[in-house]
Protein chains: 4
Amino acid sequence: MKNELTKQSILLFEKKGFNQTSIQDIVNALDVTKGTFYYYFASKEQLLMDIHHDYITNLLKRQYGILDDEHLTQKEKLMKIIHLLITDIADQGPSARVFFREIRYLSDENIETIKQKRNQFRLNIQKVIEEGSKLGEFHNELRADMLSFGILGVTNWSYNWYKTNGEVSPDELTKIYADMILTGIAKRR
Amino acid sequence: MKNELTKQSILLFEKKGFNQTSIQDIVNALDVTKGTFYYYFASKEQLLMDIHHDYITNLLKRQYGILDDEHLTQKEKLMKIIHLLITDIADQGPSARVFFREIRYLSDENIETIKQKRNQFRLNIQKVIEEGSKLGEFHNELRADMLSFGILGVTNWSYNWYKTNGEVSPDELTKIYADMILTGIAKRR
Amino acid sequence: MKNELTKQSILLFEKKGFNQTSIQDIVNALDVTKGTFYYYFASKEQLLMDIHHDYITNLLKRQYGILDDEHLTQKEKLMKIIHLLITDIADQGPSARVFFREIRYLSDENIETIKQKRNQFRLNIQKVIEEGSKLGEFHNELRADMLSFGILGVTNWSYNWYKTNGEVSPDELTKIYADMILTGIAKRR
Amino acid sequence: MKNELTKQSILLFEKKGFNQTSIQDIVNALDVTKGTFYYYFASKEQLLMDIHHDYITNLLKRQYGILDDEHLTQKEKLMKIIHLLITDIADQGPSARVFFREIRYLSDENIETIKQKRNQFRLNIQKVIEEGSKLGEFHNELRADMLSFGILGVTNWSYNWYKTNGEVSPDELTKIYADMILTGIAKRR
DNA sequence: GATGAATGAGATTTCATTCAT
DNA sequence: TATGAATGAAATCTCATTCAT
């Protein structure tokens, strides 16, 4: 039941937004009553926090799976992280959109917790760039911090428009963006 | 008064979100009454629409100023558009954040109007890329559509984190991102 | 201007009701401003009172025109009064409907004034019946009071449904109702 | 509770009118809170619709009870319907007055529904008159439609003035009006 | 585990009226 | 005569949450 409530909530939060979704909406969708909701969740915000926590924890875990693979070059790591984000937003659309859009409705304390994890994710990208620079895979003197934000922008922005069932697959989109980030779009003279 | 209400609303919407900001909050900040608000705005949503409309209209106008300059190469146009976005988000932070975050609270009809203009802005970027490819400034066979989304991601994402008063100026950030987009971060072998 | 305001108000009060019609609605219809309204009327209620007072005063005056005509039998007087009411409701539809429906929105004091005049109108009918009984035009021992209410019911109810432009003219309707009231619908054995 | 809210509302609507009665007034009278009201009714209008629907449904049911009785002549049916209306208005005064006065505050859609039922009630009277004409109980060539409106006027108007506790009982009033309608008030020469 | 009646605080909106100009 | 900005009181409605069962 808790699981069903969470799933249904994600769908509703995505469609109508956290604030526009009432507990009543959620329990109606499952044909149970409000009491049931409060049996499983301490508050509406707690549910939102659960969703956020699950999402970022899972993402971080998978990022570490990439980072910890010693056979990969930094370039490969970066590509795999881009791929991770694109596919995740494509596959878990609703969760991803709730994650990016509704963080504001968490309590200050919870926002802090989530932002820390989000920042950790970004810092890990920054480190890949720094390491790549040092190892000669990437240019020297890159602003790894600014670039990590830029790369996250490229990928995360896709939650605003990207639809899996379009003509471009996640794999293709990954290649398009990785090419742009690694080699640019300008022709060499 | 209408102007003051709009300005104050933007600040509050940015800080607390559209939904979390009550009309009471707005009028309290200016020491007037709710009646005054409704003398100037038909509804809370109408105010939000005004904000959105002003923002995107201004942005589009400035984009066309760049596009219509015949002395510029496509590469230069692209750089100027990136610069336009970065500086705009830096300078008009609150408006920009309201624009990106609160569009959801518009009516379906108004969302449509705004999205059309937003899409026009993106299509204009796409055309620059296509033209650049044709003229030999950029690679051939680029997915100009996907790249236009990616470039917007890089710049627009900055509303989430970028602060003007940090160590990196808008001009510098523009250069960092233009370099990445045009020539990539990977070292050529 | 005062006259135009009154006329327009009657039309709006009929269509939307007194309460549902705002001063704004009224002045909008004449392209003036609220200040203008309050220059001519002390309050919204005062306007309604004016409308009521004009209506019932006019009706009473015309009733006395009938009553004071010494050439008429009581039967003829009754018929003329029925005719007066039917035609008035037909001709002055909006005023009539406002008069019957919106009295509630007058102040207690004003209600009293209007009700007194309305009752005078009814009492005058009652007197015609009593006089007719005494003179042998009508049956003896009629409950003239109850009948006066009944006759007013027949005629006044028409404001609820009667439309002049239908197939039955006010003159025809008067005859139908006068026949019913005077001779009944049952066949004599 | 729902029932108590409805009952109390009818009393308040009668006394002050639908518009002049706030939800606050209603719940204050029962010492509950506004939330309670909205737990039971979707809106203030829904409550009004419930009242209307119940009233006219009950009235129609009782009318059919009369119409379907094959032992009755048309004259008797007409008398019983008059009796039904008079007693109903006398007994259920508040409901009746709300029914006649406040229909305007229903939504267009709901007005339509109620008016259809009201019209059915009237058409049933019209049919009795037509049938009575055919069977020789009533005159030929009566305008049964206009007369049905007139008869309803006689009875329904009583909600405006009739008080049970006066000197005339519902049974007596029924006789007075039935006599007028069937045989008229004029003396036969 | 689950129900559902009840709460209470707050949100948006309406509008008659005032008043300085 | 007329304007229009501003007020303030009240109205409808929403909803997260509680709690006895």
Side-chain angles (χ1 to χ4, degrees), chain A residues 1-2 4-5 18-28 30-48 105, chain B residues 1-2 4-5 18-28 30-48 105, chain C residues 1-2 5 18-28 30-48 105, chain D residues 1-2 4-5 16 18-28 30-48 105:
Chain A
M1 174 63 14
K2 187 172 185 178
E4 291 171 64
L5 284 167
F18 178 78
N19 227 284
Q20 273 55 43
T21 304
S22 67
I23 307 284
Q24 197 59 251
D25 291 336
I26 297 168
V27 296
N28 280 352
L30 292 176
D31 247 338
V32 293
T33 56
K34 275 196 275 206
T36 305
F37 180 92
Y38 280 94
Y39 180 77
Y40 291 105
F41 297 98
S43 69
K44 198 183 172 193
E45 197 229 324
Q46 187 49 245
L47 160 61
L48 186 63
Y105 297 101
Chain B
M1 175 66 4
K2 188 173 185 181
E4 292 169 63
L5 284 166
F18 178 78
N19 229 284
Q20 271 55 40
T21 305
S22 69
I23 308 288
Q24 196 59 253
D25 292 336
I26 297 169
V27 297
N28 279 352
L30 293 176
D31 241 340
V32 293
T33 59
K34 274 185 282 197
T36 302
F37 180 92
Y38 281 95
Y39 180 74
Y40 290 103
F41 299 98
S43 66
K44 196 183 171 194
E45 197 229 324
Q46 187 49 245
L47 160 61
L48 186 62
Y105 297 100
Chain C
M1 174 65 11
K2 188 173 184 178
L5 283 166
F18 178 77
N19 226 284
Q20 272 56 42
T21 304
S22 66
I23 307 284
Q24 197 59 252
D25 291 337
I26 297 168
V27 297
N28 280 352
L30 293 176
D31 246 340
V32 294
T33 56
K34 274 195 274 205
T36 304
F37 180 92
Y38 280 94
Y39 181 77
Y40 290 105
F41 298 98
S43 68
K44 198 183 171 191
E45 196 230 326
Q46 188 50 246
L47 160 62
L48 186 62
Y105 297 100
Chain D
M1 174 65 6
K2 187 173 185 177
E4 292 170 62
L5 284 166
K16 324 203 314 176
F18 179 77
N19 229 285
Q20 272 54 41
T21 305
S22 68
I23 308 288
Q24 196 59 253
D25 291 337
I26 297 169
V27 298
N28 280 352
L30 292 176
D31 242 340
V32 292
T33 58
K34 273 183 284 194
T36 303
F37 179 91
Y38 282 96
Y39 181 75
Y40 290 104
F41 299 98
S43 67
K44 198 183 169 192
E45 197 228 323
Q46 189 49 245
L47 160 62
L48 186 62
Y105 298 100

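Chain naming here is simple, since letters A, B, ... match the order of the sequence lines and numbering starts at 1 in each.
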message = Across nucleotides 13-21 of chain E, 5' to 3', mark each nucleotide with B, S or - according to how protein heavy atoms within less than 4.0 Å reach it.
response = BBBBBB---

remark   = Here the gap from Ile26(D) atom CD1 to Lys34(D) atom NZ, rounded to the nearest 0.5 Å, amounts to 11.5 Å

task = State which of dA2(E), dG8(E), dT1(F) makes the closest approach to the side chain of Tyr39(C).
result = dT1(F)

Spacing of Asn28(A) atom CG and Ile23(A) atom CD1 [to the nearest 0.5 Å] = 11.5 Å

message = What is the distance, to the nearest angstrom, from the NZ atom on Lys2(B) to the C1' atom on dA6(F)?
response = 16 Å

dG1(E) versus dT21(F) - spacing of their P atoms, nearest Å = 23 Å

Presence of Thr36(A) side-chain N/O under 4.0 Å of dG1(E) phosphate oxygens OP1/OP2 = no

Tyr38(D) side, atom OH; Phe41(D) side, atom CZ - distance, nearest 0.5 Å = 11.0 Å

ask   = What's the CD-C1' distance between Gln46(D) and dC13(F), to the nearest Å?
value = 15 Å

ask   = Within this structure, what is the CZ-to-P distance between Phe41(C) and dT1(F), rounded to whole angstrom?
value = 13 Å

task = List the steps, then state whether side-chain contact (heavy atoms from CB on, under 4.5 Å) holds for Val27(B) with Val32(B).
result = CA-CA 5 Å; Val27(B) 297; Val32(B) 293; 3.9 Å; yes

Set of side-chain contact (heavy atoms from CB on, under 4.5 Å) partners for Tyr40(B), sequence neighbours left out = Met1(B), Lys2(B), Leu5(B), Thr36(B)

task = For Asp25(D), enumerate each residue passing the side-chain contact (heavy atoms from CB on, under 4.5 Å) test, keeping only those at least two apart in sequence or located in another chain.
result = Leu12(D), Lys16(D), Thr21(D), Ser22(D)

query = How close do Gln20(C) and Asn19(D) get, heavy atom to heavy atom, and via which atoms?
reply = NE2-ND2, 2.8 Å

query = In which ranges does DNA chain F form stems of 3 or more consecutive Watson-Crick or G-U pairs, distances under 3.5 Å?
reply = E:2-21 with F:2-21

note = Tyr40(A) atom OH is separated from dA16(F) atom P, nearest whole Å, by 20 Å

task = Mind checking ring-ring contact (aromatic ring centres under 6.0 Å, His included) for Tyr105(C) and listing every partner two or more places apart, or none if nothing turns up?
result = Phe18(C)

note = Sorted by chain and number, sequence neighbours left out, side-chain contact (heavy atoms from CB on, under 4.5 Å) with Ser43(A) holds for Glu45(A), Gln46(A)

task = Provide, to the nearest angstrom, the distance between the CG atom belonging to Leu30(C) and the C1' atom belonging to dA2(F).
result = 14 Å

note = Taken to the nearest whole Å, CG/Asp31(C) to C1'/dA2(F) is 14 Å

